[in-house]
Amino acid sequence: MHDIKFIKKHPSVLDDSLKKRNLAPSSSSIVRIHNEYLEHLNLKQKLLEEKNALSKSFVNKETKIEDVKAAVHKLKIKIDKLSDLAELKLKELNELILFLPNILSKKVPNGKSEKDNRILKAYGKIRNFNFKPKNHLELAENLDLLDYKKAIKISGSRFSILKNDLAKLHRGLVNFLIDNNSLEFGYEECIVPELVKSETLEGTGQLPKFKEDLFKTNFNDLYLIPTSEVPLTNFHRESIINKKDMPLKYTAYTNCFRAEAGASGLDTKGLMREHQFGKVELVTISEPEKSDLELDNMVRCVENILKKLFIPYRIVELCSGDIGFSSSYTLDVEIWMPGQNKFREVSSCSNCTDFQSRRMKMRIKNFESGEIYYPHTLNGSSLAIGRLLISILENYQNKDGSIEIPSILKEYTNGLSVISNDKKI
RNA sequence: GGAGAGAUGGCAGAGUGGUCGAAUGCACCGGUCUUGAAAACCGGCAAGGAUGCAAGUCCUUCCAGGGUUCGAAUCCCUGUCUCUCCGCCA
């Protein structure tokens, strides 16, 4: 959501950002519609004032009852008409604005697609295999870790069943990640609903534009969340936060549900792209002037995990053509997947500035000055478990198809140190 | 699934047709007192919008949407959600 007053003052800021995203400029229609709205609104308010005065005069004995009734009746007809006109304009305006993406940070590089993203940093040594590394599907099949026959039978494609030590590894990873986020980086650990109202999704920007990516239930029109960013960021929707309580930092593990409507043919097999996947998320609600710093903190929190797992990764700055709707600046974290011989996204850390907080009417109040303003919201994955599992399986594989467990995870997996076909005692 | 109750400011909770944007308490902010703090006392304290250089003035909002009325937090209808009890259930 954008600030109309800001757009009216600096129309080119919005238009330039839209152009950078390869979209058509729209400030002129916004300004026009808003002015039309104000015309109707101002007139309506004047008439309402008259009407209120007449009602108050009623207590006065001198007033002629019938005259007042007639005058109010006349005013009412005019007011209703103006009300309708104003409402229509406001609706028109909202429909336009709700579909506009966030204004991009100046730092965002120009570009059309992910090919134009900028690699800022690479960390970790890519392992040199003295055999041809298998991909996670081959590894999992050999070790009986995934069952797609059953998954397809019960749910269809793009669903997985994890078994045996892979399920255990998944469970351990979640605990490891949450511990990292909460104990080392101060994010408050939460367990949150995975079904949310449409207003909640509108708050973070998934609705109304990306409806086709979501699963909707027929219970109270609730939607399955595509990421726990949605419930976490909406914690303080329509409320006012005391400045003293800032910043607010949350982490949660949830399942995420995505229709993947536009991804047919992409990553069709395995844990890479599924309708349901587990993810640990970070959300920060921050003072506006501190949000850049908080994004750095967030990325460091994610990097800390990968360093401890000894997984090679790189940090990628998304270009204007690839960056998400609600974000003003995004850094992706990509991890090395030997089976695909490339880096793949495992986290996306975004500064959404005041875009989401305006949509959800979340504000900060400075009780000393009385000042009320919008916080910045940030979100990042830490991390997508499925993709992390792919990377662990592929990076830690041995020639015989067995898989070492990263040492940091042993305390989270009952001491499991290797996944292999050898019977354990 | 059956029966009942309810939705008011950051929270708790009064208010059943005009004097209500709304008592009171807590929280919060400022001050007095104190070496400092606490307590006590005094004062302040809803949000959004329009208009104006500003001071200010005006409009809207007591779950949402309709209706009655000159006038609605208050009366009527519809919807949504919440709670309690019973049943079922992880």
Side-chain angles (χ1 to χ4, degrees), chain A residues 1-9 30-94 97-98 171 191-203 207 216-224 231 234-248 254-255 285 354 356-375:
Chain A
M1 183 69 86
H2 299 87
D3 180 4
I4 297 257
K5 285 180 187 164
F6 179 85
I7 294 175
K8 284 181 136 171
K9 243 190 211 164
I30 288 172
V31 170
R32 177 178 50 80
I33 296 167
H34 189 249
N35 283 336
E36 288 167 358
Y37 162 71
L38 282 186
E39 263 178 57
H40 297 134
L41 182 73
N42 285 327
L43 195 50
K44 177 193 162 187
Q45 287 192 358
K46 236 179 242 169
L47 296 183
L48 270 171
E49 191 180 344
E50 272 181 53
K51 175 175 165 276
N52 289 344
L54 280 170
S55 290
K56 274 179 195 156
S57 77
F58 195 82
V59 207
N60 190 336
K61 302 148 217 144
E62 310 294 311
T63 318
K64 285 181 189 160
I65 299 173
E66 291 313 313
D67 290 355
V68 173
K69 284 188 181 181
V72 168
H73 183 71
K74 262 191 196 167
L75 279 171
K76 253 187 169 176
I77 292 171
K78 282 188 198 167
I79 290 169
D80 282 352
K81 218 180 243 172
L82 286 165
S83 231
D84 288 349
L85 286 171
E87 208 175 299
L88 217 66
K89 285 295 164 193
L90 196 62
K91 211 180 143 198
E92 200 182 328
L93 193 66
N94 272 333
I97 287 185
L98 280 174
R171 182 159 54 88
I191 291 176
V192 299
E194 295 176 17
L195 286 165
V196 296
K197 301 174 185 176
S198 61
E199 301 96 279
T200 308
L201 287 153
E202 200 170 279
L207 286 179
K216 187 179 184 181
T217 73
N218 55 14
F219 177 74
N220 291 338
D221 287 334
L222 293 176
Y223 291 79
L224 285 164
N234 275 280
F235 272 7
H236 305 274
R237 181 155 62 90
E238 282 170 53
S239 55
I240 294 178
I241 305 162
N242 191 333
K243 181 182 167 76
K244 284 187 168 171
D245 297 332
M246 302 300 286
L248 299 165
T254 65
N255 279 306
I285 298 166
D354 60 355
Q356 294 179 322
S357 53
R358 281 181 187 280
R359 282 180 165 242
M360 62 180 77
K361 298 185 179 68
M362 164 169 67
R363 288 146 295 169
I364 303 176
K365 181 163 181 174
N366 178 344
F367 281 91
E368 284 164 44
S369 66
E371 194 189 2
I372 287 172
Y373 52 99
Y374 291 93

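Order of the sequence lines sets the chain letters (A, B, ...), proteins ahead of strands, with each chain counted from 1. Remember, predicted model here, so these are calculated numbers, not experimental data.
Rounded to whole Å, the distance from NZ on A/K51 to P on B/G18 is 16 Å. The interatomic distance linking A/K89 (NZ) with B/A50 (C1') rounds to 19 Å, in whole Å. Nucleotide B/C28 holds its C1' atom 16 Å from the CD1 atom of A/I364, rounded to whole Å. Between A/N366 atom CG and B/C45 atom P there is a gap of 17 Å when expressed in whole angstrom units. Between the P atom of B/G66 and the CG atom of A/D80 lies a distance of 10 Å, rounded to the nearest Å. When the P atom of B/A50 is taken as reference, atom NZ of A/K46 falls 15 Å away, rounded to whole Å. In this entry the distance linking NZ of A/K244 with P of B/A27 reads 13 Å, nearest Å. The distance from atom CD of A/E238 to atom C1' of B/A7 is 15 Å, rounded to the nearest whole Å.
For A/V68, the side-chain atoms get nearest to B/C70 when compared with the rest of B/C58, B/C70, B/A50. If you check B/U51, B/C70, B/C59 against the side chain of A/N52, the one that comes closest is B/C59. Of the candidates B/G71, B/G49, B/C59, the closest approach to any side-chain atom of A/S55 belongs to B/G71. Nearest nucleotide to the A/N220 side chain, out of B/U69, B/A50, B/U80: B/U80.
Salt bridge A/D3/A/R358: present, at least one basic N to carboxylate O contact under 4.0 Å. The existence of a salt bridge linking A/K91 and A/E87 is excluded, since no basic side-chain nitrogen approaches an acidic carboxylate oxygen closer than 4.0 Å. In this structure, A/E36 pairs ionically with A/K89, as a charged nitrogen and a carboxylate oxygen lie closer than 4.0 Å.
The P atoms of B/C59 and B/G6 are separated by 33 Å, rounded to the nearest whole Å. The separation of B/G13 from B/U84, taken at their P atoms, amounts to 14 Å, rounded to a whole angstrom. Comparing the C1' positions of B/U51 and B/A38 gives an interatomic distance of 48 Å, to the nearest angstrom. Annotation: B/U16 and B/C11 have their P atoms spaced 23 Å apart (nearest Å). Taking atom P in both B/A72 and B/U24, the straight-line distance is 25 Å, to the nearest Å. Comparing B/U32 with B/A39, their C1' atoms are spaced 13 Å from each other, to the whole Å. Across B/U74 and B/U8, the matching C1' atoms stand 11 Å from one another, rounded to whole Å.
A/R363 approaches A/P375 most closely through the heavy-atom pair CA-CD, 3.9 Å. Among all heavy-atom pairs drawn from A/A86 and A/Y37, the shortest one is O-CD1, 3.3 Å.
Judged by closest nucleotide on RNA chain B, A/N242 is the one of A/I372 and A/N242 placed further toward the 5' end. Of the two residues contacting RNA chain B, namely A/N42 and A/E87, the nearest-nucleotide position lying further toward the 5' end is that of A/N42.
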